[in-house]
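Have a look at the structure below before the remarks.
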Amino acid sequence: MQSSQSFRGMRDILPGEVERRSHFLDTIRTVYSSHGFHEIETPIVDSLEILENSGGGENEKLIFKLLKRGEKLQLTDDTSPDDLVDGGLRFDLTVPLCRFYAENAVRLPKPFRSLQIGQVFRAERPQKGRYRQFLQADIDIIGDSTALSEIELLIASGHALHRLGLESFEVRLNDRRALEQILLKQGVGIDQIIGVMVALDKLDKSSPEQVVKEIIARGVDPGVAESLLEALGRASGQHVVDELANAGAEEAILSNLEEIVSKVRGSIHGMGVRIDPLCVRGLGYYTSTVFEYSSPKWGSSIAGGGRYDSMMSRFGLDQPACGVSLGFERIHAVLAGTEGTAGSSSRRNLYLLFDQTEQLGEALAAAREYRKSGFSVILVSHRHGGRSPMKRLASEAEELRRQGAQGEYWFLQLGTDAEPRLLMHG
RNA sequence: GUGGCCGUAGCUCAGUUGGUUAGAGCGUCAGAUUGUGGCUCUGAAGGUCGGGGGUUCGAGACCCCUCGGUCACCCCA
């Protein structure tokens with residue numbers, strides 16, 4: 001007998017859980033739609049040519065690749081793995097979006113506000129809140145180079161998180177160019193910048209001493225490393241911007257960040273916004289502003305985004321772009337155990353018990369009527385006078401609720417009960 | 001990709017320093033009972049002890065490999 005376990009890092013989703021997830025997705029769609037975003041769909045598979053060298057950083061190493069098919073799959077002594085593959089599963093929604101935009105720009109509004117909800121794949125080692133297939137919900141604005149993009153994206157995504165039921169969360173905002181300028185000014189070599197940024201990004205987890213150590217290990221002069229940390233360490237309180245300017249960041253970049261913060265701050269209940277010069281975010285395609293959402297209930301980020309102005313140039317288009325991605329699985333995990341949020345479309349289930357040999361026609365007619373009045377009707381064939389399925393139905397409803405389903409459960413014995421009777425409600 | 005911990009029935013777990021036919025609760029199924037169904041009682045089914053190899057007279061317990069889970073790195077949503 002074969003194992004029925006799911007493939008590594010993949011998982012099944014039970015009915016009650018799907019009900020709950022659908023409700024969350026409805027909320028996301030409703031909120032984003034109210035902010036003017038248009039939903040699109042892109043393929044899960046793209047050519048490797050597009051997926052690779054996309055600035056996806058580490059993610060590019062995690063691509064599930066697709067074997068060529070038919071005649072194109074030629075095995076000889078000197079074929080390398082790369083000769084055998086030509087496609088791959090997407091590791092995010094941004095790369096496919098850029099291809100989509102380049103292909104369809106003429107038929108799209110300008111600037112284009114895109115919403116995409118879809119599965120992405122990364123061949124990582126699975127962990128809690130980390131799967132090899134997971135759902136992301138992205139909004140992006142293509143064709144606007146001003147801070148309006150960032151402001152709209154932060155407000156819309158904050159709105160969505162709030163409506164999903166997140167009580168408190170924080171956005172850390174930064175502009176990579178600012179950090180780069182500071183590093184250069186402080187004496188970090190241009191080829192060391194990336195390594196130093198990665199090390200600095202760990203400051204929220206590791207001690208400053210460890211980070212200094214790591215920076216030195218990456219080839220930076222110990223004196224430079226020390227003064228760098230000191231300069232950035234100062235830039236965390238009330239006067240972040242002033243300190244960053246002193247440390248060598250350009251005024252225009254900093255005032256842009258200030259503008260974003262001032263417009264976003266206070267707009268969403270429970271959302272904190274602050275400039276964090278150490279927020280770096282991977283090292284992918286982001287060119288300037290980057291932001292990351294965290295919840296006190298979760299160790300790592302639950303959403304993130306930034307500006308990727310040069311990405312479209314791959315396709316010969318010169319278009320600025322900026323986006324934010326919600327990590328659906330992680331948000332769902334953060335919300336685990338909480339009650340449904342406002343507007344929860346809880347369904348009213350009705351178990352319609354009937355004798356199949358005598359009451360089938362009658363039952364179908366009754367089912368149609370109850371559907372009209374808003375019930376989700378579940379036909380339960382049950383021979384008259386037989387053991388009542390009551391207990392079984394109650395425990396089934398209980399199980400669905402455990403999985404996350406909401407709603408009421410009613411039952412009605414055709415020919416005996418005049419009205420549906422409440423079995424349980426959630 | 002690297003390292004630590006874990007893997008017994010559908011679920012939650014017992015299982016003494018290796019020693020007869022591997023247990024419980026919940027759930028499932030069957031029957032009984034109950035004048036209004038979810039209670040109670042009885043019984044049954046269900047386990048290649050994740051898989052493979054090894055040590056041993058004997059392994060669910062010990063060793064190796066492998067698969068899966070989990071945590072920490074790495075990186076990220």
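Treat the numbers as computed from the prediction; the structure is a model and nothing was measured. In what follows, every chain begins at residue 1, and chains take the letters A, B, ... in the order their sequences are listed. Hydrogens, waters and symmetry mates play no part in the numbers below; they use all other heavy atoms, side chains included.
Of the two residues near RNA chain B, A:Arg330 and A:Ser6, the one whose nearest nucleotide lies more 5' is A:Ser6. Where A:Gly9 and A:Leu353 meet RNA chain B, the nucleotide closest to each residue was compared, and A:Leu353 sits on the side nearer the 5' end.
With C1' as the reference atom, B:U16 and B:A22 are 15 Å apart, rounded to whole Å. The same atom, P, is picked in B:U8 and in B:G60; the two are 15 Å apart, to the nearest Å. Between B:U66 and B:G31, the two C1' atoms lie 46 Å apart (nearest whole Å). Across B:G23 and B:G15, the matching P atoms stand 15 Å from one another, rounded to whole Å. Here the separation of B:G4 from B:A9, taken at their C1' atoms, is 29 Å to the nearest Å. When the C1' atom is used for both B:C74 and B:C57, the distance is 49 Å, rounded to whole Å. Using atom P as the reference point in both B:G7 and B:C29, the two lie 31 Å apart (nearest Å). Only the C1' atoms considered, B:C11 is 22 Å distant from B:G43, to the nearest whole Å.
Counting only heavy atoms from C-beta outward, the side chains of A:His35 and A:Arg113 never approach each other to under 4.5 Å. Inter-residue side-chain proximity for A:Phe24 and A:Leu335 is flagged as met; some heavy-atom pair is nearer than 4.5 Å.
In this entry the distance linking CG of A:Leu393 with P of B:U28 reads 11 Å, nearest Å. Put simply, CG on A:Leu93 is 11 Å from P on B:A77, counting in whole angstrom units. A:Ile28 places its CD1 atom 12 Å from the C1' atom of B:A77, with the value rounded to the nearest Å. Whole-Å rounding puts the A:Trp298 CH2 to B:C71 P distance at 8 Å. When rounded to the nearest whole Å, the span between CZ of A:Arg8 and C1' of B:G7 equals 14 Å. Atom P of nucleotide B:C6 and atom NZ of A:Lys128 are separated by 18 Å, given to the nearest angstrom. One can place CZ of A:Arg125 at 8 Å from P of B:G1, the figure rounded to the nearest angstrom. Atom-to-atom, CD of A:Glu58 to P of B:C73 comes out at 16 Å; the value is rounded to the nearest Å.
Among the nucleotides B:C75, B:A72, B:G37, the one closest to any side-chain atom of A:Arg130 is B:C75. Comparing atom distances between the A:Asn59 side chain and each of B:C74, B:C75, B:G69 picks out B:C75 as nearest. Closest to the side chain of A:Gln127, out of B:G37, B:A77, B:C71, is B:C71.
Taking a centre distance below 5.5 Å and an interplanar angle below 30 degrees as the stacking criterion, A:Phe328 does not stack against the six-membered base ring of B:A77.
Ion pairing between a basic and an acidic side chain is recognised when a charged N comes within 4.0 Å of a carboxylate O; A:Glu52 and A:Lys65 show such pairing. Between A:Arg177 and A:Glu180 there is no salt bridge, since no side-chain nitrogen of the basic residue lies less than 4.0 Å from a carboxylate oxygen of the acidic one.
Residue-level contact check: A:Tyr131 touches the bases, meaning some heavy atom is under 4.0 Å from a base atom.
Here the shortest heavy-atom pairing between A:Asp140 and A:Val324 reads OD2-N, 4.5 Å.
For the strand RNA chain B, secondary-structure stems (runs of at least three Watson-Crick or G-U pairs, all distances below 3.5 Å) span B:1-7 with B:67-73, B:10-13 with B:23-26, B:28-32 with B:40-44, B:50-54 with B:62-66.
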